[in-house]
Amino acid sequence: MSTETDTAKTAQQDTSDNRPYAVILYGATSFVGQITAHYLINFLSNAKNKDGSNVTWAIAGRDEEKLNELQSKLESKVDIIIANSKDSASLDEMTKQTQVIISTVGPYLKYGEPLIKSCAENGTDYVDLTGEAIFIKDMMDKYQDTAKQSGARIVNSCGFDSIPSDLGVYFTQTKAEEKFGEACNVIHMRVKAAKGGISGGTIASMATIFEEVGEDKSRRKQVANPYLLNDDTDVPNVRQDNVSKPEYDSAHKRWLAPFVMASINTRIVHRSNQLLGYEYGRDFKYDEAIWMKDGVKGKLSSYAMSAGLLGFATAMMIKPSRELLSKHVLPKAGTGPSKDEQENGYFDIRHFGQTAKNDTITVKVTGDKDPGYGSTSRMLAQAALCLAQDISKEDVGGGFWTPASAMGDKLIARLEEHSGLSFEVIDG
């Protein structure tokens, strides 16, 4: 047996038997961290939830005072761990104590690497909610081999970026295989409806990406690559469609506008295809856009949204305008949608699949909370619990994975039962 396999087995044994916590929530006092902490305490203490009765977990971060304040607001006591991304020893001490780390500490390009490094070196599973594709690429390049050897499963983008897209495509392909005997070679994802707010943390992440892209030409090339996260030796070279300006969808009689999250979601979907052995096909095409109404109103809305996104991106790539917007216009760090806004939010997205034989299938993916926070916190928590409880390291070994490739059907089942998400095949 190889040394890498021995190391992974040892890490798995340590993770399963000798670590006091199943999950540690790092960055628990951040805006989405607090929402996730409240969800976890309620979910795990629910007497009806048989999976939560034996789960031990803790909250972690660098500010003990803020952690104590959060703990006082939770319905039952949870342990506190002090760790700082600038102190590698404190991170190692934390990651060695748990099976899975949930990280809500962004922007990940600025603050995320030390924790990924610690998890990879200590055989600790990891989930986050990053929408920063270039961060994931950087971390894969640096720590993929280390994670494989230690048995650490690193699963990025476990929130609205990119679970509805990634698992939606996975679900669509599973149903297409069952119905037609083959996968779809084309899937179009369309955001039919969504209601939710945006936090200062999300804005900070976007600002960091635009800063990188604005100052480094090589970063612009990376961002433009639809297969950025495919790291095999024979990456597909199929030209991918990209809805970057107003278009008319004649099949559904609607105008289309660019979807800001397509840049991360499409990359995650293509990586899933690779990790699943190109089950979707090496010629698979995938794109995302927002549905607008038909007619003049829909056309005007599409052009307005497209112009707004272009203007925002341009302004955020230029330092003076980026600083002006961040200081005087955009939400500040630690702020975000109110509890009522989170509870009353929702999303409804559609996946339109077509096989090479022109068979078609439509899948509806919905969530009953604000997509970026109410739903994201639940997705993130259930992804961590899925890794801890449902996915053995014999089935999925160490390395960088996606939600679909690492957890697939088991995560879908959890999300439908516990997170207010729904995946279903519909007509048209």
Side-chain angles (χ1 to χ4, degrees), residues 21 23-43 57-74 78-87 90-91 94-95 98 100-116 118-119 126-132 135-136 139 155-161 163 196-209 261 264 326 330-339 341-343 345 369-385:
Y21 301 107
V23 173
I24 292 177
L25 172 60
Y26 181 67
T29 61
S30 69
F31 187 79
V32 72
Q34 292 182 60
I35 301 169
T36 307
H38 282 282
Y39 171 73
L40 273 169
I41 203 80
N42 291 330
F43 174 75
W57 69 290
I59 54 175
R62 66 182 182 179
D63 191 321
E64 186 172 5
E65 183 178 349
K66 288 184 178 179
L67 288 167
N68 282 323
E69 182 181 354
L70 172 60
Q71 184 194 58
S72 70
K73 295 177 181 177
L74 298 175
V78 60
D79 290 349
I80 289 174
I81 295 172
I82 307 302
N84 191 323
S85 60
K86 295 181 180 179
D87 180 356
S90 71
L91 292 180
M94 174 180 68
T95 60
T98 188
V100 186
I101 288 283
I102 300 174
S103 174
T104 64
V105 180
Y108 291 88
L109 274 167
K110 286 186 176 180
Y111 307 118
E113 180 174 353
L115 183 56
I116 291 269
S118 181
C119 287
Y126 166 100
V127 299
D128 67 22
L129 44 74
T130 185
E132 303 163 38
F135 166 74
I136 300 173
M139 297 302 96
V155 189
N156 305 104
S157 304
C158 290
F160 191 59
D161 302 322
I163 277 179
I198 192 166
S199 77
T202 298
I203 292 296
S205 288
M206 294 171 67
T208 302
I209 295 171
M261 294 178 179
I264 178 63
S326 298
L330 301 172
K332 301 296 186 290
T335 65
S338 68
K339 187 173 181 180
E341 288 172 327
Q342 294 164 35
E343 290 295 317
K369 298 288 185 289
D370 165 80
Y373 303 95
S375 282
T376 281
S377 62
R378 297 176 175 212
M379 291 184 247
L380 188 63
Q382 290 300 333
L385 293 170

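The model shown is predicted, which means the values in this text are computed figures rather than measured ones.
Contact check for Asn84 versus Ile82: no side-chain heavy atoms found under the 4.5 Å cut-off. Within the 4.5 Å cutoff, side-chain heavy atoms of Leu74 are placed close to those of His38. Residues Leu40 and Leu385 are in side-chain contact: their nearest non-hydrogen atoms beyond the backbone lie under 4.5 Å apart. Residues Tyr39 and Gln382 are in side-chain contact: their nearest non-hydrogen atoms beyond the backbone lie under 4.5 Å apart. Inter-residue side-chain proximity for Arg378 and Phe43 is flagged as unmet; no heavy-atom pair is nearer than 4.5 Å. Contact annotation: the side chain of Arg62 never approaches that of Asp87 to less than 4.5 Å [non-hydrogen atoms, C-beta and beyond]. Inter-residue side-chain proximity for Ile136 and Ser157 is flagged as met; some heavy-atom pair is nearer than 4.5 Å.
A donor-acceptor pair under 3.5 Å is absent between the side-chain atoms of Ser118 and the main chain of Pro114, judged by distance alone. Counting only distance, with no hydrogens or angles, the side chain of Thr98 and the backbone of Thr95 share no donor-acceptor pair below 3.5 Å. Glu341 contributes no side-chain N or O that, together with a main-chain N or O of Gly196, makes up a donor-acceptor pair within less than 3.5 Å.
Atom OG of Ser377 and atom NZ of Lys369 lie 9.5 Å apart (nearest 0.5 Å). The line from CE of Met379 to OG1 of Thr36 is 11.0 Å long, rounded to the nearest 0.5 Å. One distance of note links CD of Gln71 with CD1 of Ile80; it measures 4.0 Å at 0.5 Å rounding. Distance OG/Ser85 to CD/Glu113: 11.0 Å, rounded to 0.5 Å. With rounding to the nearest 0.5 Å, the separation of OH in Tyr126 from CD1 in Ile24 is 14.0 Å. To the nearest 0.5 Å, the span separating CD1 on Ile35 from OG on Ser30 amounts to 8.5 Å.
Classification of the Phe135-Tyr108 ring pair by plane angle, with boundaries at 30° and 60°, yields tilted.
In this structure, Ile81 and Ala58 approach most closely via the heavy-atom pair CD1-CB, 4.0 Å. Across every non-hydrogen atom of Leu67 and Ala28, the tightest pair is CD2-CB, 4.2 Å. Nearest heavy atom pair, residue Ile116 against residue Asn156, reads CD1-ND2, 4.2 Å. Among all heavy-atom pairs drawn from Asp161 and Gly131, the shortest one is OD2-CA, 3.6 Å. When all heavy atoms are compared, the tightest approach of Ala37 to Trp57 is O-CH2, 3.7 Å.
Of the residues Thr104, Ile163, Leu129, Asp370, the one that meets the side chain to side chain contact (heavy atoms under 4.5 Å, CB included) test with Thr376 is Leu129. Just one residue in the list Ile102, Ile59, Leu91 forms a side chain to side chain contact (heavy atoms under 4.5 Å, CB included) with Tyr26, and that residue is Leu91.
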